[in-house]
Amino acid sequence: MLAHAIQNRGMSLFNPFIPHIATVVDIRQETGDIRTLGLRFNNRDLDFDFAPGQFVEVSLFGYGEVPIGLASSPTRRETIEISVKRMGMVTGQIHKLTIGDTIGIRGPYGNGWPVDMLRGKHVLVIGGGIGLSPLRSLIDYLLDQRDDFGTIKILYGARTPNDLVYKHLLRKWGEARDTEVFCTVDIGTPEWDGHVGVVTALFEQANITIENTVVITCGPPIMIKFVTMGLEKMGFADTDIITSMEKMMKCGIGKCGHCNIGSKYVCVDGPVFTHRELKNLPKEL
Amino acid sequence: MQDTLIHKGRIAEFIHELMQDSQVIAPVSVGGQARFKPIESPEEVEWGYGNTTVSPTEFILPHSESLFQFEQRGTDFNLTYNIDNVNRTILGIRPCDVSSLRMLDEVFKGKYEDPYYLSRRNHTTLIAMMCLEPGGSCFCSSFGTGPGLDAEAGADLLLVDLGEAFYVQVFTERGQTIMERVASMGTPATSADREQVEVLAVQAASNMPRTLDLEGLPEAMGQLFESAYWDKISRKCLACGACTYLCPVCYCFDVFDTCSQAQGERVRCWDACTFKSFALLSGGHNPRPSIKESYRQKMYHKFKFAIERHGYALCVGCGRCLEACPVDMDIVQVLSGAKSQVVEVV
């Protein structure tokens, strides 16, 4: 897919380290420190295909690269979207970009959510904070092929009402057929009339069924810990709880060693793992 | 092809022939220490050295290299890069270091081929030198990565010092092409010469000062991950990274940009899992917050995770990590100690 062929002693090598140049065509400020960028590749002939849950390496030339999960669904290909929280040097620069600026994109990398395993199943999506971003790719993918999946329940928690991302989509998703959205915040505000508490406190209200249901979850490690504990207590099999892992990454292609845990490289073997797979990895999460 | 003897009186001629179409890298004396460097004349080659402090694998995976240069043009960026395709010959590379390259190949091939590494690798001829006297920290015979070398190890030629002459064994087509070019410099080796080589190999192996028994090691480590043993062992580690930098099999790297005004480059350089920020996440969470976890990661990656993933440990027994450690951490003792911990528990 990468169009950087090199002639080398008769063999053609591709250079996976060279990013594609993309232009920022849309910017939406989601919260105080999270923004969503719409991107279009400058090479219009580039066939950038990906699966929900895969990630890209985003280059800000002169600052470096960061791995970011794709937020848009491959079923909507006019642009690709990424949601970025302002954390360090590169993400800080991403927050300074304006429409028309160019950045670099390598990828897509990683395994992505197991969408084929979800066909015919009920899907319970549980997200926390910016963790809703790679889940959004999946939710839009499911909704665009609505007949292939059972009921969809989306549980989403953030620190405060101001930290909820994709507010416009949360409303829209709730209006889709057989789809319910439940939101909660850790700390409410006077204007907030929704649920206050951690995301596991939504379990009862959401009336979760275990049978024929697969859970897809992404969020901070502490949330994942209590969500999986709660789900296993309810009777979910550890193979039906699926999560995306965050690790320090540099290359994204299984070489640099930064994301190694156990015999796995999160960038190529993950970032998506079943809870059973995670249990078998060293406790260094 | 039949093995050859090249009399030492003609070895300069042999090297000169190698220099015709490749940059020859060989051990030379730098400040009293042997170091692999590009040579300008055959006389520079230092034959009577032990293992070099730095492995010649740095000519395949250099300490740092440019991945690409970028230049801003308006809002657009122009990217250019260079793939190193200089023909090189590493002369006198030791069997352990040859074996380390075969291990690195597994990492840099795979689904995403690394063109920088693989191009250098493909353009490099390896003329190995069998070890007759192992160094004081060597334990290569524990891995079968030395002191001799078989055809599968990946060297093109193997030299064995027989005193008056070098015995030359051909392993690859590329090695054969070289020997055809220098045919006039050598004489066919006899079966007596071959026997002498075998005797020397057995002798060198029996003189190996240290051994690491790998039997049951990954299983023992599997039981020991949470053990206080790693607290105790890691207490004296300074996390200086010398062991990982000098290890010919350690390949972890960092990637960063350098930039001045509108142009710059993306660079990769060696990194070390023993450094504190190696696994640090952008939010401040560190899955390996202390030296205990990072030292443990180094040992587990090499001797458990790699065996599970590749089928072999990421170690060739060269002993450089022992030689370089400022606090005398001894990888053989640490691993043998780990095994005996499990035995004690049982």
*Asks:* With a 4.5 angstrom heavy-atom cut-off, which part of Gln297(B) approaches chain A: side chain, backbone, both or neither?
*Replies:* side chain
*Asks:* Does any heavy atom of chain A fall under 4.5 Å from the side chain of Glu265(B), the backbone, both, or neither of them?
*Replies:* neither
*Asks:* Please report the shortest heavy-atom distance between Asp254(B) and His258(A), naming the atom on each side.
*Replies:* CA-NE2, 4.2 Å
*Asks:* Tell me, do Leu281(B) and Met87(A) make a side-chain contact under 4.5 Å, heavy atoms counted?
*Replies:* no
*Asks:* In terms of heavy-atom proximity below 4.5 Å to chain B, should Val66(A) be classed as side chain, backbone, both, or neither?
*Replies:* neither
*Asks:* Return the minimal non-hydrogen interatomic distance between Tyr112(B) and Lys255(A), and the atom names on each side.
*Replies:* O-NZ, 2.5 Å
*Asks:* Pick from Gly88(A), Gly64(A), Gly262(A): which one has the most heavy-atom pairs with chain B under 4.5 Å?
*Replies:* Gly262(A)
*Asks:* Does Lys283(A) have more than 12 heavy atoms from other residues, nucleotides or ligands lying within 6.0 Å of its NZ?
*Replies:* yes
*Asks:* Looking at Lys279(A), I'd like to know if its NZ atom is crowded, meaning that more than 12 non-hydrogen atoms belonging to other residues, nucleotides or ligands lie closer than 6.0 Å.
*Replies:* yes
*Asks:* Could you tell me which portion of Ser277(B) (side chain, backbone, both or neither) has an atom closer than 4.5 angstrom to a non-hydrogen atom of chain A?
*Replies:* backbone
*Asks:* Sort Thr91(A) into side chain, backbone, both or neither according to what part of it lies under 4.5 angstrom from a heavy atom of chain B.
*Replies:* neither
*Asks:* Do you know the tightest heavy-atom contact between Asn15(A) and Ile83(B)?
*Replies:* ND2-CD1, 4.3 Å
*Asks:* At a 4.5 Å cut-off on heavy atoms, which part of Leu280(B) comes close to chain A: side chain, backbone, both, or neither?
*Replies:* backbone
*Asks:* Out of Lys304(B), Glu308(B), Arg266(B), which one racks up the most heavy-atom pairs below 4.5 Å with chain A?
*Replies:* Arg266(B)
*Asks:* Name the option with the most non-hydrogen atom pairs under 4.5 Å to chain A; the candidates are Phe256(B), Phe278(B), Phe77(B), Phe70(B).
*Replies:* Phe278(B)
*Asks:* So which atom in Cys252(B) and which in Gly257(A) form the shortest heavy-atom distance, rounded to 0.1 Å?
*Replies:* SG-CA, 3.6 Å
*Asks:* What do the steps show when you test Arg288(B) against Glu284(A) for salt bridge (charged side-chain N to carboxylate O under 4.0 Å, His left out), and what is the final call?
*Replies:* CA-CA 7 Å; Arg288(B) 298 188 205 116; Glu284(A) 276 188 347; 2.9 Å; yes
*Asks:* Taking the side chain as everything from C-beta on, heavy atoms only, tell me whether Thr75(B) gets closer than 4.5 Å to Thr23(A).
*Replies:* no
*Asks:* Heavy-atom distance under 4.5 Å to chain B: side chain of Ile253(A), backbone, both or neither?
*Replies:* both
*Asks:* Minimum heavy-atom separation for Asp257(B) to Leu60(A), with atom names?
*Replies:* OD2-O, 3.6 Å
*Asks:* Please rank Pro282(A), Pro221(A), Cys251(A) by heavy-atom pairs under 4.5 Å with chain B and give me the top one.
*Replies:* Pro282(A)
*Asks:* Kindly give the heavy-atom pair with the smallest separation between Val255(B) and Lys250(A), and that separation in Å.
*Replies:* O-NZ, 3.5 Å
*Asks:* Examine Phe17(A) together with Tyr81(B) and report whether their ring centres are nearer than 6.0 Å.
*Replies:* no
*Asks:* Under a 4.5 Å heavy-atom cut-off, does chain A meet the side chain of His285(B), its backbone, both or neither?
*Replies:* side chain
*Asks:* Tell me whether Arg28(A) at atom CZ has more than 12 heavy atoms from other residues, nucleotides or ligands lying less than 6.0 Å away.
*Replies:* yes
*Asks:* Any non-hydrogen side-chain atom of Pro287(B) less than 4.5 Å from a side-chain atom of Lys247(A)?
*Replies:* yes
*Asks:* I'd like to know if the side chain of His301(B) reaches the main chain of Ser263(A), judged simply by a donor and an acceptor atom lying under 3.5 Å from each other, with no hydrogens or angles considered.
*Replies:* no
*Asks:* For atom CD of Glu215(B), decide whether the heavy atoms of other residues, nucleotides or ligands shown that lie under 6.0 angstrom number more than 12.
*Replies:* no
*Asks:* At what distance, to the nearest 0.5 angstrom, does OG1 of Thr102(A) lie from CD of Gln72(B)?
*Replies:* 6.5 Å
*Asks:* Is Tyr63(A) close to chain B through its backbone or its side chain, or both, or neither, when contacts mean heavy atoms under 4.5 Å?
*Replies:* backbone
*Asks:* How many angstroms lie between atom CZ of Arg309(B) and atom CG of Asp269(A), to the nearest 0.5 angstrom?
*Replies:* 4.0 Å
*Asks:* Determine whether more than 12 heavy atoms belonging to other residues, nucleotides or ligands lie under 6.0 Å from atom CD of Gln29(A).
*Replies:* yes
*Asks:* Determine the option with the most heavy-atom pairs under 4.5 angstrom with chain A, choosing from Ile307(B), Thr258(B), Asp271(B).
*Replies:* Asp271(B)
